[in-house]
Amino acid sequence: MTRILYCIYQLIVALPLILLDSIFTSLTTVIGCWLGNGHFWGYYPGKWWSRFICTILLLPVKVEGREHLKKGQSYVFVANHQGAFDIFLIYGYLGRNFKWMMKKQLRKMPLVGIACEYAKHIFVDKSGPRKVKETYDKARETLRDGMSLVVFPEGARTFTGHMGQFRRGAFMLADELQLPVCPLTINGSFHVMPRMRDGKFVFWHPLRLTIHEPIPPKGKGIEFEKQTMAEAYEVVMSGLVPEYQGFVENPDQ
């Protein structure tokens, strides 16, 4: 009965308000970035949009470890990718201005895609070597500009709740620019809306974001890059609830 009432609430109350807020947020982001100060308008409207969505859907959010982040420091944040609500959890509650590295297919999303383009988030294009290079050139420029970057190094959402493999890209950038890598662990998003339920009703479940202690640069070179990637993987894994501990291969990585 509670499940049915929650679905009715989503349909009648939450969904219309989320749609209106999404339109308002997208327009605010596009107009604000067009007028100037893209770092402000590219972050804060999205932050409050994400918080609004979690709040209107009555999803409890817990954040741990913000004390590990230093003011003014750029980070390469790397997180496990449990589901669609990873976006709202990180955007709304990380508490740090950043740019996303996201799949280029998201550019086609109504409203959200154009807002992300104006906000200067980075669309990952893997259609050829030149496009891949352009993607990493943009990411490098973002980090050199003093901004942080958020990456899902698995490259795709999980089908099982478990973590797949990490890819090198984020760690290569961190190694090249000698920036700290900050691991993030997401719990609960897989229960709220896994990728198998895209576009369907949300399940109620608490969300938790754990901000681990950043991993400082240990040196420069591929051996240090691999070392940091392995350490970050273990740290992210350590924050998962026991149900989702352990590696499971993701077929579309």
Side-chain angles (χ1 to χ4, degrees), residues 6-7 9-33 37-69 71 75 77-102 106 109-121 147-152 157 182-195 197-212 239:
Y6 187 47
C7 288
Y9 168 79
Q10 288 179 53
L11 193 61
I12 296 174
V13 178
L15 186 58
L17 290 175
I18 289 171
L19 180 59
L20 287 172
D21 190 51
S22 297
I23 294 170
F24 175 77
T25 299
S26 297
L27 290 173
T28 301
T29 301
V30 169
I31 294 169
C33 291
N37 198 357
H39 285 340
F40 179 90
W41 294 107
Y43 171 66
Y44 286 98
K47 172 183 176 179
W48 293 109
W49 170 69
S50 298
R51 287 196 171 209
F52 176 79
I53 289 173
C54 291
T55 301
I56 200 69
L57 289 170
L58 313 177
L59 300 172
V61 174
K62 183 178 182 181
V63 182
E64 302 169 326
R66 278 207 196 101
E67 68 277 4
H68 293 142
L69 303 181
K71 188 176 180 179
Y75 295 98
F77 292 100
V78 294
N80 60 312
H81 206 358
Q82 283 204 334
F85 274 73
D86 299 346
I87 306 295
F88 308 127
L89 184 58
I90 292 176
Y91 217 155
Y93 297 92
L94 179 60
R96 182 57 62 104
N97 200 334
F98 65 86
K99 301 298 181 187
W100 292 101
M101 285 189 76
M102 58 180 67
L106 294 175
M109 286 184 66
L111 302 173
V112 173
I114 191 169
C116 288
E117 182 176 337
Y118 271 80
K120 302 297 184 187
H121 294 303
M147 186 63 62
S148 292
L149 200 64
V150 174
V151 185
F152 295 115
R157 289 173 290 166
C182 185
L184 307 174
T185 301
I186 292 167
N187 281 290
S189 177
F190 184 72
H191 292 278
V192 173
M193 186 179 282
R195 64 186 299 179
R197 290 186 51 81
D198 281 347
K200 298 182 180 179
F201 286 109
V202 168
F203 282 113
W204 185 93
H205 196 280
L207 295 166
R208 188 173 87 231
L209 175 65
T210 304
I211 304 167
H212 297 281

Minimum side-chain heavy-atom gap L149-F77 below 4.5 Å: no
From NE2 (H39) to CZ (F98), nearest 0.5 Å: 13.5 Å
Under 3.5 Å: donor-acceptor pair, side chain of R208, backbone of K62: no
Qualifying residue, where the test is side-chain contact (heavy atoms from CB on, under 4.5 Å) with T25 and the options are T28, D21, L27: D21
side-chain contact (heavy atoms from CB on, under 4.5 Å) evaluation trace for I18 with L57: CA-CA 9 Å; I18 289 171; L57 289 170; 4.1 Å; yes
Under 3.5 Å: donor-acceptor pair, side chain of K99, backbone of A119: yes
Distance (rounded to the nearest 0.5 Å) between L58 CG and I56 CD1: 7.0 Å
Considering all heavy atoms, the nearest I114-L111 contact: CG2-O, 3.2 Å
From L69 atom CG to R96 atom CZ, the distance as rounded to the nearest 0.5 Å: 5.0 Å
Spacing of CE belonging to M147 relative to NZ belonging to K120, to within rounding of 0.5 Å: 12.5 Å
S148 side chain vs Y75 backbone, donor-acceptor pair below 3.5 Å: yes
Separation between OG of S22 and CD1 of I53, rounded to the nearest 0.5 Å: 5.0 Å
Any donor-acceptor N/O pair, E64 side chain to I211 backbone, under 3.5 Å: no
Validation row: C116, V112 side chains within 4.5 angstrom (heavy atoms): yes
All salt bridge (Lys or Arg N to Asp or Glu O under 4.0 Å) counterparts of R157, not counting sequence neighbours: D198
4.5 Å side-chain heavy-atom contact, L94 and V63: no
Pairwise side-chain contact, F88 with L59, heavy-atom cut-off 4.5 Å (strictly under): no
Residue pair M101, V151: steps toward the side-chain contact (heavy atoms from CB on, under 4.5 Å) verdict: CA-CA 5 Å; M101 285 189 76; V151 185; 3.9 Å; yes
Pairs touching residues 78-95 that satisfy side chain to side chain donor-acceptor pair (under 3.5 Å), sequence neighbours left out: H81-D86, D86-S189, Y91-H121
F24: partners by ring-ring contact (aromatic ring centres under 6.0 Å, His included), with sequence neighbours left out: none
For the student: nearest non-hydrogen atoms of G42 and C33, plus distance: N-SG, 3.7 Å
Validation row: F203, C7 side chains within 4.5 angstrom (heavy atoms): no
Verdict with supporting geometry, I87 and F152, side-chain contact (heavy atoms from CB on, under 4.5 Å): CA-CA 10 Å; I87 306 295; F152 295 115; 3.9 Å; yes
Interatomic distance, L89 atom CG to N187 atom CG [nearest 0.5 angstrom]: 9.5 Å
From CA spacing to verdict: side-chain contact (heavy atoms from CB on, under 4.5 Å), T29, W49: CA-CA 11 Å; T29 301; W49 170 69; over 6 Å; no
Aromatic ring proximity W41/Y118, centre distance under 6.0 Å: no
Student check: side-chain heavy atoms of T185 and H212 closer than 4.5 Å: yes
Non-hydrogen side-chain atoms of V192 and W204 separated by less than 4.5 Å: no
